[in-house]
S.K.: 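Pasting a structure here, questions to come.
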Amino acid sequence: MDRPSTSSQSTLQTIAVVGLGTMGTGIAEVLARSGREVIGIDVSDTAAARATAALAASTARSVTRELLTEQERADVLARFRTYSELSAAADADLVIEVVPETYELKQQVFRELDAVVRPDTILATGTNALSVTRMAAESQRPERVLGLHFFNPAPAMKLVEVVSCVLTAPTAVEAVTALARELGKEPVAVGDRPGFVADGLLFGYLNQAAAMYESKYASREDIDAAMRLGCGLPMGPLALLDLIGVDTARTVLEAMYASSGDRLHAPAPILGHLAEAGLTGQKSGRGFYTYAQAGSSAIVADALTPAADAGLGAGRPVTSVGVAGSGTMASGIAQVFAQSGFDVVLAARSQEKADAAKAAIAKSLGRAVAKGRLTQEAADLTLGRITPAGSLDAFADVDLAVEAVAENLVVKQELFASLDKVCKPGAVLATTTSSLPVIAIARATSRPEDVIGMHFFNPAPAMKLVEVVRTVLTADDVHATVRGICSKVRKHPVDCGDRAGFIVNALLFPYLNNAIKMVEQHYASLDQIDAAMKLGGGYPMGPFELLDVVGLDVSLAIEQVLHKEFRDPGLAPSPLLEHLVAAGCLGRKTGRGFREYARR
């Protein structure tokens with residue numbers, strides 16, 4: 001068999017891109033800007049013209065921004081030529097196909113290319129869901145076939161997954177890996193499995209979000225806001241499904257489910273219903289959301305768009321707030337309320353602990369002043385509104401009591417039993433639990449109608465999200481009170497029912513667990529997975545960075561709660577996570593988790 005040549009920039013100078021949709025056009029632009037001769041091939045003259053126009057418009061913007069000269073722009077445009085026949089790829093050193101995601105079409109392209117290209121030409125598929133091995137096996141020269149998975153939009157996204165299979169020649173992998181680096185991309189080497197790394201983790205999460213919406217657990221707006229504000233993601237999952245294409249997502253998930261058998265990958269029925277109705281997202285003008293027109297990203301109101309706080313009714317008056325606890329979360333919540341003008345009683349198990357918590361708030365405010373985010377006068381006023389106390393008895397006159405103690409059901413039940421005795425009639429009692437059943441906490445009181453979940457995120461002064469968790473017994477005016485309070489403290493409330501994980505943790509921790517399973521299966525390394533999710537998914541932190549920050553013990557506890565409630569085998573905590581926790585490797589706080597850290 002002929003073997004592909006070892007890479008250098010000169011050996012991959014002429015590159016054909018088959019399929020000039022959004023992804024193909026983006027890849028062609030990256031290649032042409034890098035100095036390559038690009039042969040764009042599409043059976044549709046309209047698609048070819050659109051790709052040429054897109055490149056012309058993009059390079060014109062670059063000239064306006066003084067990133068290119070007129071001559072450089074002319075050179076880029078001259079390097080991109082379009083054709084309607086695959087025979088145009090005859091002289092290509094590399095062919096990248098990005099035609100629609102079906103085996104039949106891709107295999108037809110590869111069969112025709114076999115008869116056209118040189119023996120040493122590398123053939124790359126841009127698939128993100130189909131088997132590279134299967135495509136390679138049907139090629140006349142399987143050793144030159146591999147996957148080259150760019151991310152959308154290709155000019156902006158840095159990640160490129162280089163996918164090899166058991167048939168792929170190492171020299172082919174080396175050639176395209178070098179090319180990716182020369183293009184300014186970050187290549188990650190992965191094996192052949194549906195979704196590879198980034199989409200393998202991303203699409204399971206998107207699928208669960210679709211199922212969550214389908215079950216009417218939360219609105220589409222609240223699901224998307226929760227993941228943007230609670231995890232720092234650039235887009236919410238339902239909006240992202242509309243961007244990717246609901247039909248595309250369904251195809252990827254079907255391939256993943258066929259391979260893994262994991263129910264978390266079984267496409268949520270709503271994906272099939274939307275796809276079959278032609279409601280495929282932005283490209284059709286309607287999917288989970290409705291858009292101004294087909295191809296637009298501008299969301300417009302529709303029948304499902306909620307009116308602002310419609311039907312909430314009047315809440316209860318709140319001027320004073322009690323915060324129970326002395327840790328980071330309790331201090332942060334007390335600071336949030338005090339900065340918004342509320343009088344705050346900060347109660348701990350002793351006066352000493354309460355004073356220490358107030359001192360921590362003083363340091364936090366001092367840092368904000370030093371960074372210019374707060375005036376000294378505002379910091380002094382905030383601190384002056386906080387009264388530390390060594391007993392819950394100080395909550396006798398508060399209108400809202402918020403607990404932020406250890407995530408232990410017995411501890412919280414005992415605390416709420418005490419609040420029931422201390423707090424005045426009509427006071428709202430809120431728990432910040434992230435995983436425990438709010439109703440079980442409410443039933444520890446004689447007034448469960450006054451109890452609600454108010455889940456802040458850490459650090460509370462910075463994070464904008466609050467998950468508002470109603471139980472079946474929570475009074476309407478209590479719900480209205482907490483929604484109103486969130487607005488007054490400049491937080492974004494999202495409504496969710498009383499079930500494990502609420503919105504954020506129920507979607508986040510299965511994703512983290514699946515990342516650990518990838519490492520257990522030796523599919524990819526910690527660094528590869530973290531890089532893939534940051535560069536390919538726009539995540540602010542990779543999953544292993546985040547796990548070590550959150551704490552492996554905390555993560556395990558949440559995963560155990562999710563597994564116990566939903567009884568899904570795919571949610572069973574990874575044995576590797578269990579072993580690390582048993583060994584005392586809990587993340588940054590112990591100096592070692594998935595990675596080792598310098599002790600301070």
S.K.: Assess whether ring-ring contact (aromatic ring centres under 6.0 Å, His included) is satisfied between Y511 and Y539, documenting all intermediate values.
M.R.: CA-CA 12 Å; Y511 149 77; Y539 281 56; 5.2 Å; yes
S.K.: For the side chain of D222 and the backbone of D495, is there at least one donor-acceptor N/O pair under 3.5 Å apart?
M.R.: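 Flag set: sc D222 to bb D495 pair under 3.5 Å.
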S.K.: Under 4.0 Å between a side-chain nitrogen and a carboxylate oxygen: does that hold for K283 and D247?
M.R.: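 Here K283 pairs with D247 in a salt bridge, since their nearest N and O are under 4.0 Å apart.
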S.K.: Is the shortest side-chain heavy-atom distance between M212 and L507 below 4.5 Å?
M.R.: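 Counting from C-beta outward, M212 and L507 do come under 4.5 Å.
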S.K.: Can you name the nearest heavy-atom pair linking A92 to T121, along with the distance?
M.R.: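 The pair with the smallest heavy-atom distance is O-OG1, 2.8 Å.
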S.K.: I'd like to know whether Q108 forms a side chain to side chain donor-acceptor pair (under 3.5 Å) with E112, so could you lay out the CA-CA distance, the side-chain angles of the two residues, the decisive distance to 0.1 Å, and finally the verdict.
M.R.: CA-CA 6 Å; Q108 178 186 341; E112 293 185 30; 3.2 Å; yes
S.K.: Salt bridge or not for K106 and E101, using N-O below 4.0 Å?
M.R.: yes
S.K.: Would you check if the side chain of N513 reaches a backbone N or O of A572 as a donor-acceptor pair within less than 3.5 Å?
M.R.: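 Yes; at least one donor-acceptor contact below 3.5 Å.
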S.K.: So which atom in F80 and which in A28 form the shortest heavy-atom distance, rounded to 0.1 Å?
M.R.: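 Answer, listing the atom of F80 first, then A28: CE1-CB, 3.8 Å.
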S.K.: Between E276 and R250, does any side-chain N to carboxylate O distance fall below 4.0 Å?
M.R.: yes
S.K.: For E254 and P267, which heavy atoms make the closest approach, and how far apart are they?
M.R.: CG-CG, 3.6 Å
S.K.: State the CG-CG distance between L271 and L279, to the nearest 0.5 angstrom.
M.R.: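 CG of L279 is found 12.0 Å from CG of L271.
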S.K.: Could you walk me through whether Y289 and E221 pass side-chain contact (heavy atoms from CB on, under 4.5 Å), step by step?
M.R.: CA-CA 9 Å; Y289 294 91; E221 289 83 2; 4.0 Å; yes
S.K.: Just do the side chain to side chain donor-acceptor pair (under 3.5 Å) check on H455 and S434 with the steps written out, would you?
M.R.: CA-CA 6 Å; H455 179 213; S434 62; 4.5 Å; no
S.K.: Distance alone, cut at 3.5 Å: any donor-acceptor contact between the side chains of S34 and E182?
M.R.: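 There is no such pair (donor and acceptor under 3.5 Å, judged by atom type) between the side chains of S34 and E182.
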S.K.: Out of curiosity, L577 CG to S555 OG, how far, rounded to the nearest 0.5 Å?
M.R.: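 The CG atom of L577 sits 6.5 Å away from the OG atom of S555.
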S.K.: At what distance, to the nearest 0.5 angstrom, does CG of L274 lie from OG1 of T280?
M.R.: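 If I round to the nearest 0.5 Å, the distance is 9.0 Å.
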S.K.: Is there a donor-acceptor pair under 3.5 Å between the side chain of N152 and the backbone N or O of M23?
M.R.: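 Judged by distance alone, no pair lies under 3.5 Å.
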S.K.: Do D114 and R144 have side-chain heavy atoms sitting under 4.5 Å apart?
M.R.: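 Contact flag for D114/R144 side chains = yes.
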S.K.: If you apply the rule side-chain contact (heavy atoms from CB on, under 4.5 Å), what do you find for E97 with T125, and how did you get there?
M.R.: CA-CA 5 Å; E97 73 74 18; T125 171; 2.4 Å; yes
S.K.: So does L20 get a backbone contact from the side chain of D42, meaning a donor-acceptor N/O pair under 3.5 Å?
M.R.: yes
S.K.: Taking the side chain as C-beta and beyond, is there a heavy-atom pair between R50 and T25 under 4.5 Å?
M.R.: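 Of all side-chain heavy-atom pairs linking T25 with R50, none is under 4.5 Å.
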S.K.: Would R286 count as a cation-pi partner of Y291, with NZ or CZ less than 6.0 Å from the six-membered ring centre and within 45° of the ring normal?
M.R.: no
S.K.: For a 4.5 angstrom cut-off between non-hydrogen side-chain atoms, does Y217 reach I223?
M.R.: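 No, their side chains stay 4.5 Å or more apart.
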S.K.: Treating T64 as the side-chain partner and A60 as the backbone partner, does any N or O pair qualify as donor plus acceptor under 3.5 Å?
M.R.: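 Indeed, once roles are kept as given, a pair shorter than 3.5 Å links the two residues.
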S.K.: About how many Å separate CG of L201 and CG of L512, when rounded to the nearest 0.5 Å?
M.R.: 9.0 Å
S.K.: Would you check if L86 and V18 make a side-chain contact, meaning some heavy-atom pair closer than 4.5 Å?
M.R.: yes
S.K.: List the residues meeting side-chain contact (heavy atoms from CB on, under 4.5 Å) with M463, not counting sequence neighbours, and say none if there are none.
M.R.: F457, P459
S.K.: Identify the two heavy atoms, one from A249 and one from L241, that lie closest to each other, and give their separation to 0.1 Å.
M.R.: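 Closest approach of A249 to L241, heavy atoms only: CB-CD2, 3.5 Å.
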S.K.: Does the pair L148 and V163 meet the rule for a side-chain contact (heavy atoms from CB on, under 4.5 Å), with working shown?
M.R.: CA-CA 6 Å; L148 196 58; V163 188; over 6 Å; no
S.K.: Which heavy atom of P187 sits nearest to which heavy atom of V162, and what is that distance?
M.R.: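 Looking at all heavy atoms of both residues, the closest pair is CB-CG2, 4.1 Å.
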S.K.: Any salt bridge between D530 and R595, counting N to O under 4.0 Å?
M.R.: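 So D530 pairs with R595 through a salt bridge.
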S.K.: Walk me through it: do S62 and R33 pass the test side chain to side chain donor-acceptor pair (under 3.5 Å)?
M.R.: CA-CA 11 Å; S62 293; R33 283 177 178 263; 2.9 Å; yes
S.K.: With a cut-off of 6.0 Å (strictly less than), are more than 12 heavy atoms of other residues, nucleotides or ligands near CD of E85?
M.R.: no
S.K.: Decide side-chain contact (heavy atoms from CB on, under 4.5 Å) for L94 and V176; before the verdict, give the C-alpha distance in whole Å, the side-chain angles of both, and the deciding distance to 0.1 Å.
M.R.: CA-CA 9 Å; L94 165 69; V176 296; 4.1 Å; yes
S.K.: Kindly state whether the ring of Y103 and the ring of F110 have centres lying under 6.0 angstrom apart.
M.R.: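 So the answer is no for these two rings.
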S.K.: Give a yes or no on whether the backbone of A239 and the side-chain of D224 come within a donor-acceptor separation of less than 3.5 Å.
M.R.: yes
S.K.: Is the shortest distance from a Lys or Arg side-chain nitrogen in R81 or E37 to a carboxylate oxygen in the other one below 4.0 Å?
M.R.: yes
S.K.: Using side-chain heavy atoms (C-beta onward) and a distance below 4.5 Å, is F509 in contact with N514?
M.R.: no
S.K.: Output, in order, the C-alpha distance, side-chain angles, deciding distance and verdict of side chain to side chain donor-acceptor pair (under 3.5 Å) for Q282 and S296.
M.R.: CA-CA 6 Å; Q282 288 187 14; S296 170; over 6 Å; no
S.K.: Does T251 reach the main-chain N or O of T102 with its side chain, forming a donor-acceptor pair under 3.5 Å?
M.R.: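 A pair under 3.5 Å: no.
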S.K.: Hey, are the side chains of Q208 and F203 touching, using non-hydrogen atoms and a 4.5 Å cut-off?
M.R.: no
S.K.: If you look at every heavy atom in A198 and A532, which pair is closest and at what distance?
M.R.: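 Smallest heavy-atom distance, with atoms named: CB-O, 4.0 Å.
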S.K.: To the nearest 0.5 angstrom, please state how far the CG atom of L546 sits from the SG atom of C231.
M.R.: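 So the CG of L546 and the SG of C231 are separated by 7.5 Å.
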S.K.: Does any N or O in the side chain of R193 come within less than 3.5 Å of the main-chain N or O of S259, such that one atom is a donor and the other an acceptor?
M.R.: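 Flag not set: sc R193 to bb S259 has no pair under 3.5 Å.
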S.K.: Can you check whether S487's main-chain N or O pairs, donor with acceptor, with R490's side chain at less than 3.5 Å?
M.R.: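 No: the side chain of R490 does not pair with the backbone of S487.
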S.K.: Enter the distance from D568:CG to D262:CG here, rounded to the nearest 0.5 Å.
M.R.: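 Reported to 0.5 Å precision, the distance equals 6.5 Å.
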S.K.: Identify the residue among E559, E520, K517 that makes a side chain to side chain donor-acceptor pair (under 3.5 Å) with S574.
M.R.: E520
S.K.: Side chains of V504 and L465: does their closest heavy-atom pair fall under 4.5 Å?
M.R.: yes
S.K.: Do side-chain atoms of Y213 reach the backbone of S219 as a donor and acceptor pair under 3.5 angstrom?
M.R.: no
